[in-house]
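See below for the structure under consideration.
First listed ligand is number 1; within each ligand, the first listed atom is number 1. Counting from 1, the numbers follow the sequence of the chain as shown.
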Amino acid sequence: MQLNIGFLASHTGSSMRAIVEAITNKELIKSDVRVIISNNSNSFALNFARENKIHAFHISSITHKDEDRTICSTLLDHDVNLIILSGYMKKLGNVTLEKFNNRILNIHPALLPNFGGRGMYGKNVHEAVLKSGQSVSGATVHLVNSEYDVGRVIAQYQVPIMINDTVEILTERVKQCEQKLIVDVVKRLEDGSIQLD
Ligand code: GRF
């Protein structure tokens, strides 16, 4: 299936960059990055988009009174059929959620259904994982709905937890695995071996 991807990112957009790289390397052959939206005007993600001549928009509740409708119409205007949240720190509004039902993916830095939910982002997740004494962590790609981290799990990769791991070390290991995972998921969406409906 041809994928027209729209990204939403608040900071670095590391998985977005991994996908752009995979498209450039021809690892992904039926994917096109249509637009990048960020709520943060200084985000690395927006700068990256502009440097790479990808349509980029700064949309937040301050810049746009109806943020949700503006996000949704921007995605529609760019013919997006798959949204990927690449470190997007805000909840999406109902207009976008409904219009893109089963077409929105998020990457979570742990093995859902554990270590998800409100407040479970960034280093909080890895701190909780290390504290729990688990021997594995990993990354999850899941569908997005109106609640945090409860949409259907699409795919997961595991990473081991080592005895001397710190939050920083585990963050880095999981981040690398997230990038491989999201590229793999997009590849499998392209070839139809993963379906979102
Ligand atoms: C990732 O760790 C991912 O799990 C979460 O946001 C983080 C990426 O943010 N959804 P960034 O690319 O470093 O801004």
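Salt bridge Arg103/Asp197: present, at least one basic N to carboxylate O contact under 4.0 Å.
Atoms CG and OG, from Leu3 and Ser31 in turn, are 4.5 Å apart once rounded to the nearest 0.5 Å.
Listed by first and then second residue, the ring pair (Phe, Tyr, Trp, His ring centres under 6.0 Å) pairs involving residues 61-104 are His55-His78, Phe57-His78 (not counting sequence neighbours). Applying the salt bridge (Lys or Arg N to Asp or Glu O under 4.0 Å) test to residues at least two apart or on different chains, the pairs with a partner in residues 125-154 are Lys123-Glu127. Listed by first and then second residue, the salt bridge (Lys or Arg N to Asp or Glu O under 4.0 Å) pairs that reach into residues 42-61 come to none, sequence neighbours excluded.
Here the rule is side chain to side chain contact (heavy atoms under 4.5 Å, CB included) with Leu105, and of Leu85, Val185, Ile83, Val144 only Val185 fits it.
Around ligand 1 you find His11, Thr12, Gly13, Ser14, Gly87, Asn106, Ile107, His108, Pro109, Lys175, Glu178, each with a heavy-atom distance below 4.0 Å.
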